[in-house]
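Residue numbers start from 1 in every chain, and the chains themselves are labelled A, B, ... in the order their sequence lines are given, proteins ahead of strands.
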2 protein chains.
Amino acid sequence: MDASRQENITRILDAAERLFRHYGYTKTNVADIARDLGMSPANIYRFFSSKTEIHQALCARMLEASYQQVYEISRLPLSATERLRRYVLAQHKMTVETMLDEQKVHEMVIVAIEREWHVIEKHIDRIDQLLAEIIRDGIEAGEFADQDPEIAARCFDSSVVTLCHPQMAAQCLAKENRPTPGELIDFALRALKK
Amino acid sequence: MDASRQENITRILDAAERLFRHYGYTKTNVADIARDLGMSPANIYRFFSSKTEIHQALCARMLEASYQQVYEISRLPLSATERLRRYVLAQHKMTVETMLDEQKVHEMVIVAIEREWHVIEKHIDRIDQLLAEIIRDGIEAGEFADQDPEIAARCFDSSVVTLCHPQMAAQCLAKENRPTPGELIDFALRALKK
DNA sequence: TGAATGACGTTTTGCGAATTTTGTCAGTCA
DNA sequence: TGACTGACAAAATTCGCAAAACGTCATTCA
């Protein structure tokens, strides 16, 4: 049956997420996850072909939540400028809070960045699509100069990478000689304007 | 005597640079450097208090060369826009070529980023000062909007970080969904314009 | 007298053995 | 018959110790 299969997958991911958050990604092995669910390690492999695949699925699930957040911001009844500003601030807050405060989550992210390029790339693509739509709105509303929304979205994203990329954010957080989030966002927004 | 002391320091750095480039930073020990110069390991410590200090000094020397390159660009008889464009392209080229092609240099850079924050921060400050001057020129010439040149320089730098930061450049190089250097530079320059 | 060194204590690294973990598969049980 | 497991091979990780590298200092030598 397919629904019960999905059920199992969700249960495994829930258990994995809880254990990874509590003990860390490397300290948790699939035997731990199996024990937590009262099943044998071998059984886990009927649903995920490797521990890495569990990590990837979990990663995708978390990124999906992040995407939802951005999606909601993108639909707010606000100017394109304001929506972009809120997007970056939300991402920055998310990055700083969950990546740096929670040591265990940070480990998962680092491993993810090192290894699971595909899930992350797909996420970036989807986010950039949303950004492109907002920018398209802005162009139509006369807020922004006429330009290719896809390229503009990529450039905008790259410009604020120091605020949203976990590694960069970690490196820049304590530095004196860096622009404030507000300054950098205003700068990037100015590039879009007429 | 102070001149001969300087002489020794330079010789040690020259030897260290050659050996680091050839064998890698971690594979080279201070005994290797000493042997190469026909002196005892202990003697090295009259000039540098640790292997790390040698690495830092070497780092500073290389960054100084990079600074010189930027300095020359900043004095070229070109528009501010064009000088900034050349600055980023030069940095990008440098980063890609020396950091990624030469594996051994890459190792030194990674160790440097992980440990020797101070030298690197100082370098960024100096570069940003040059950029601020160029931007000041641009404002006076009417190319750029009126703005704080210091802040603008920091923002500009942050915006193109994916092109100049060794780790970021390495991560973004192969990606499809990233702006091209040209696109990103134009984007950042647009933020400065009137 | 001060540049230079050999000898030496301390810390770090490298490496093979032992243990843990991953992932497979034949076989059990409902 | 197919969800599930225990037993097991292969791969990865940890551990303990020997070797190497770091950094100090009393001593030598010019």
query = Atom OH of B:Tyr25 to atom C1' of C:dT12: distance rounded to whole Å?
reply = 13 Å
task = Would you please test B:Arg85 and B:Asp186 for salt bridge (charged side-chain N to carboxylate O under 4.0 Å, His left out) and show each step?
result = CA-CA 8 Å; B:Arg85 187 193 310 282; B:Asp186 286 343; 2.7 Å; yes
key: Student check: side-chain heavy atoms of A:Glu17 and A:Arg21 closer than 4.5 Å   = yes
ask   = Tell me: NZ of B:Lys51 to C1' of C:dT12, nearest whole Å?
value = 11 Å
request  = Please state how far atom CD1 in B:Ile12 lies from atom P in D:dG23, giving the value in whole angstrom units.
outcome  = 14 Å
query = Within the structure shown, what part of the strands sits under 4.0 Å from A:Asn29 by heavy-atom distance: base, sugar-phosphate, or nothing?
reply = sugar-phosphate
task = Provide, to the nearest angstrom, the distance between the CD1 atom belonging to B:Ile44 and the C1' atom belonging to C:dA4.
result = 12 Å
request  = Would you mind reading off the distance between A:Asp32 atom CG and C:dT22 atom C1', rounded to a whole angstrom?
outcome  = 13 Å
query = Aromatic rings B:Tyr25 and B:His55: how do their planes relate, parallel, tilted or perpendicular, breaks at 30° and 60°?
reply = tilted
query = When we call it a touch if two heavy atoms are under 4.0 Å apart, what does B:Thr26 touch: a base, just sugar-phosphate, or nothing?
reply = nothing
remark   = Between CZ of B:Arg115 and P of C:dT12 the distance, given in whole Å, is 11 Å
query = Would you say the side chain of B:Ser66 lies within less than 4.5 Å of the side chain of B:Met94, judging by non-hydrogen atoms?
reply = yes
key: Minimum side-chain heavy-atom gap A:Leu192-B:Phe187 below 4.5 Å   = yes
inquiry  = Donor-acceptor check, side chain of A:Asn8 to backbone of A:Arg5, threshold 3.5 angstrom: yes or no?
reply    = no
message = From CZ of B:Arg11 over to P of C:dA3, roughly how many Å is that when rounded to an integer?
response = 15 Å
task = Can you tell me the distance, in whole Å, between the OH atom of B:Tyr45 and the P atom of D:dA26?
result = 18 Å
message = Of the options D:dC4, C:dA4, D:dG23, whose atoms approach the side-chain atoms of B:Asn43 most closely?
response = C:dA4
query = So which one's nearest nucleotide on DNA chain D is more toward 5', A:Phe47 or B:Val30?
reply = A:Phe47
inquiry  = I'd like to compare against my own output: the B/S/- annotation of nucleotides 7-15 of chain D with a strict under-4.0 Å heavy-atom distance to protein.
reply    = ---------
note = the helix from C:dT1-D:dA30 to C:dA30-D:dT1: angle between terminal helix axes, five bp per end, to the nearest 10 degrees, reads 10°
task = Take the angle between the ring planes of A:Phe156 and A:Tyr87 and call it parallel below 30°, perpendicular above 60°, tilted in between.
result = tilted
query = Just wondering, do A:Glu150 and A:Gln129 contact through their side chains at under 4.5 Å, heavy atoms?
reply = no
message = Quick check for you: among D:dG23, C:dG6, D:dG6, whose closest atom lies nearest to any side-chain atom of A:Ser40?
response = D:dG6
query = From C:dA3, D:dT5, D:dA3, pick the nucleotide closest to the side chain of A:Arg46?
reply = D:dA3
ask   = Is B:Thr162 close to B:Arg178 at the side-chain level, that is, under 4.5 Å between some pair of heavy atoms?
value = no
